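The structure appears right after this line, and notes come after that.
Ligands are counted one by one from 1 in listed order, and the atoms in each one are counted from 1 as well. Remember, it's a predicted structure, so these values are computed and weren't measured experimentally.
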Amino acid sequence: MDDRTRLENRERYVVGLMSGTSVDGIDAAVVRIAGKAGQQPEVSLVAFENRSYPLDVRSEIFELFNPSRATVDRVGRMNAHLGELYAQAALSVIAKAGLRPEDIASIGSHGQTIYHAPEAYIRDGFDLRYTVQIGEGAVIAARTGIPCVTDFRVADMAAGGQGAPLVPFTEYLLYREESRTLLLQNIGGIGNITVIPAGCAPEQVYAFDTGPGNMLIDGIVTRLYGGSITMDTGGEIARKGNVNDAMLRWLQQEPYYASPLPKSTGRERFGSDYVEDLLRYQREHGLSSEDLVATVTKLTAWSIGDAYRRFVRSENPADEMLVGGGGSYNPTLIGFLKQEMEPMGVRVRIQEEIGLSSDAKEAIAFALLADYTIARLPNNLPSVTGASRAVVMGKVSY
Ligand SMILES: Nc1ncnc2c1ncn2[C@@H]1O[C@H](COP(=O)(O)OP(=O)(O)OP(=O)(O)O)[C@@H](O)[C@H]1O
Ligand SMILES: CC(=O)N[C@H]1[C@@H]2OC[C@@H](O2)[C@@H](O)[C@@H]1O[C@H](C)C(=O)O
C-alpha cells in the first residue's frame with residue numbers, strides 16, 4: 001500500500017510541534033486524524049503539553065533574531081539543541097496520550113523562526129526569498145524513531161509565495177461553514193486573521209497580520225518589571241489601569257494599520273525599539289505602569305477591529321470571530337475586543353468556548369500539515385501566501 005492509500009484508509013496519530021514568535025515554549029499535541037485525503041478530515045486532540053524553554057535557551061534565541069549576532073556556529077548549535085528539546089517534547093506528549101512512539105505515523109514540527117524575508121530580493125534575475133526555521137528534523141527523527149516533517153515554509157516561497165501564513169490551510173479544512181462567515185483571529189506574538197466566507201472555495205480564503213498580538217504587552221511588561229514577569233497574566237495589570245486616550249490616538253497613527261493587503265509584520269516593527277518609544281512617551285507624560293499596559297492592550301484590540309472595518313466588513317460581513325493563541329487567556333484584552341466587534345454584529349468567542357483549545361491550535365495545524373506532506377498532497381493555500389501554485393510543503397527526515 002502506498003502512502004496515499006494508507007492516508008485514505010486508516011485512522012492515524014500524528015504529533016504537531018509549534019514554537020511561535022513569542023518564544024514562550026514548545027507546544028506539543030497528539031492528534032487523531034481520520035477521513036479521506038482531500039475531503040474534510042476528522043481531527044481530534046488526544047493530548048497537549050506546553051513546555052517552557054529553559055531561560056538561557058530563550059535568551060539565546062532572542063540573540064539569534066539579530067542577524068549580526070546569529071553567526072553560523074551559534075545557529076548550527078541551536079538547530080541541534082532545539083532538535084533535542086523538540087524530540088523530548090514529542091516523547092513526553094506521546095506518553096501523556098498513553099501511546100508509544102511506534103503508534104505515531106509522523107511528527108510535524110514548525111521549528112523556531114529566527115529570520116523571515118518573504119519579499120522578493122532580485123539578484124542576477126533571480127527572485128530570492130528566504131526564511132530560517134531551526135530545530136533539526138533529523139535529530140527529532142533519530143531520537144523518536146518517527147518520520148519528522150520540518151521546514152514547511154520554503155516550498156511555498158520557492159513557488160513565489162510569502163511562506164506564511166500556513167495555518168489558514170488547516171482552518172479552511174477544519175472550520176469552514178456553509179452559511180456563516182467566520183473570522184479566525186490568532187493572538188500570538190503578532191495578531192493575524194483568517195477570513196473564511198460562508199460556503200467558500202479554498203481560493204476565497206484570505207488572511208493577513210492585523211498588527212501586534214501580545215508582543216507589545218509582553219515587551220512593555222518585561223521592561224517595566226525588570227524581566228521578573230514576561231506577560232500580563234490574566235490581564236490583571238491592564239485591568240487596574242485606565243486607557244490613555246491621547247496615547248492611544250498617537251499609537252493609532254502607526255502606518256501599518258492602514259497599509260493595503262496583502263501584508264504581514266513582525267518583531268522588526270513591533271519589537272524592542274518600538275517598546276522603547278512607548279516607554280519614553282510614558283516617562284514624558286507621567287503615565288502609570290498600569291495605564292501604559294491598559295493602553296497597549298486597548299490598542300491591540302482596536303487594531304483587530306480596525307483591520308475588520310477596513311479590509312473585511314464590506315465584502316465579508318462576519319457572524320463570528322473565534323480567537324486562538326495565548327491572547328485568549330487575557331480577559332482584559334478579550335473584553336476590549338468584544339467592545340470593538342460586537343457593535344459591528346460580530347460575536348467573539350475563544351476556542352475553549354466551542355470545546356477546542358486556543359493553546360493547541362497551531363500545534364494541531366502542524367500535525368495536519370505533516371499528514372498531508374507524508375501523503376504527498378499539496379498543503380499550502382496560494383490565495384493566502386501569494387504562491388503561484390499549490391505545492392507539497394515540508395521536508396521529511398525518516
Ligand atoms: N494566562 C495568560 N494571561 C495573559 N496572557 C497570556 C496568558 N497565557 C499566554 N498569554 C500570552 O500569550 C503569549 C503566547 O501566545 P502564543 O503561544 O499563542 O504565541 P506564539 O505562538 O509564540 O505566537 P505566534 O502565533 O505569533 O507565532 C504569551 O507571550 C502571553 O503574552
Ligand atoms: C515566518 C513565521 O514564523 N511567521 C509566523 C508569525 O507568527 C504569526 C504570523 O507571523 C504567522 O504568519 C506565522 O505563523 C503561523 C503559525 C502561520 O504560518 O500560520
Do me a favour and list the nearest non-hydrogen protein atom to [atom] with residue, atom name and distance?
{"atom": "atom 1 (N) of ligand 1", "value": "Y329 CB, 3.6 Å"}
{"atom": "atom 18 (O) of ligand 1", "value": "G326 N, 2.9 Å"}
{"atom": "atom 4 (C) of ligand 1", "value": "D232 O, 3.2 Å"}
{"atom": "atom 20 (P) of ligand 1", "value": "S22 OG, 3.6 Å"}
{"atom": "atom 23 (O) of ligand 1", "value": "G189 N, 2.9 Å"}
{"atom": "atom 3 (N) of ligand 1", "value": "G234 N, 2.8 Å"}
{"atom": "atom 7 (O) of ligand 2", "value": "T21 CG2, 3.6 Å"}
{"atom": "atom 11 (C) of ligand 2", "value": "P165 CB, 4.3 Å"}
{"atom": "atom 13 (C) of ligand 1", "value": "N214 ND2, 3.5 Å"}

Pair Y372 and F169, ring centroids less than 6.0 Å apart: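 Yes - the distance between ring centres of Y372 and F169 falls below the 6.0 Å cut-off.
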Using the benzene-type ring in the case of Trp, are the ring centres of W302 and Y257 under 6.0 Å apart?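 For W302 and Y257, the ring centres are under 6.0 Å apart.
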Considering distance alone, does some N or O of [X] sit under 3.5 Å from an N or O of ligand 2?
{"X": "V167", "answer": "yes"}
{"X": "T131", "answer": "no"}
{"X": "H116", "answer": "no"}

For ligand 2, which atoms have a heavy atom of A164 less than 4.0 angstrom away? 12 (O)
Which of the atoms in ligand 2, numbered in the order shown and given with their element, are less than 4.0 Å from a heavy-atom of M18?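 Going through ligand 2 atom by atom, the ones under 4.0 Å from M18 are 16 (C).
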At the 4.0 Å heavy-atom cut-off, does I217 count as touching ligand 1?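 Outside the 4.0 Å threshold, so no.
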Any atom of ligand 1 sitting under 4.0 Å from a heavy atom of G213? no
Any donor-acceptor pair under 3.5 Å linking the side chain of Q112 with the backbone of G135? no
Without swapping roles, check the side chain of N186 against the backbone of N192 for a donor-acceptor pair under 3.5 Å.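 Not at all, since once roles are kept as given, no pair shorter than 3.5 Å links the two residues.
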Polar contact flag, side-chain donor to acceptor under 3.5 angstrom, [X]-[Y]:
{"X": "N50", "Y": "D27", "result": "yes"}
{"X": "T131", "Y": "Q133", "result": "yes"}
{"X": "T194", "Y": "E171", "result": "yes"}
{"X": "S68", "Y": "N66", "result": "yes"}
{"X": "T385", "Y": "D156", "result": "yes"}
{"X": "Q204", "Y": "Y172", "result": "no"}
{"X": "R153", "Y": "H116", "result": "no"}

Which atoms of ligand 1 are found less than 4.0 Å from any heavy atom of [X]?
{"X": "D24", "result": "14 (C), 17 (O), 22 (O)"}
{"X": "N186", "result": "25 (O)"}
{"X": "G325", "result": "18 (O)"}
{"X": "I190", "result": "26 (O)"}
{"X": "E362", "result": "21 (O), 25 (O)"}

Would you say ligand 1 has an N or O under 3.5 Å from any N or O of T21?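 Between T21 and ligand 1 (N or O atoms, distance only) the closest approach is under 3.5 Å.
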Contact (N/O only, under 3.5 Å) between D27 and ligand 1: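 No; every N/O pair is 3.5 Å or more apart.
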Residues, nucleotides or ligands: over 12 heavy atoms within 6.0 Å of I354 CD1: yes
More than 12 foreign heavy atoms under 6.0 Å from OH of Y121: is that the case here?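 Not buried by this count: 12 neighbours or fewer within 6.0 Å.
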For [atom], the option (of [options]) bearing the nearest heavy atom:
{"atom": "atom 15 (C) of ligand 2", "options": "H110, K361, R153", "result": "R153"}
{"atom": "atom 5 (N) of ligand 1", "options": "M18, M231, Q112, K361", "result": "M231"}
{"atom": "atom 9 (C) of ligand 2", "options": "D209, T113, L369, L166", "result": "D209"}

Contact summary for G189 and S22, nearest pair of heavy atoms: N-OG, 3.3 Å
With a 4.0 Å cut-off on heavy atoms, is N192 in contact with ligand 2?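 Yes.
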Relative to each other, are the rings of W250 and Y281 parallel, tilted or perpendicular (30° and 60° limits)? parallel
Over 60° means perpendicular and under 30° means parallel, so tell me whether F62 and F65 are parallel, tilted or perpendicular.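 Ring orientation, 0 to 90° scale: perpendicular.
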Does only the side chain of D218 get under 4.0 Å from ligand 1, or the backbone, or both, or neither? Count heavy atoms. side chain
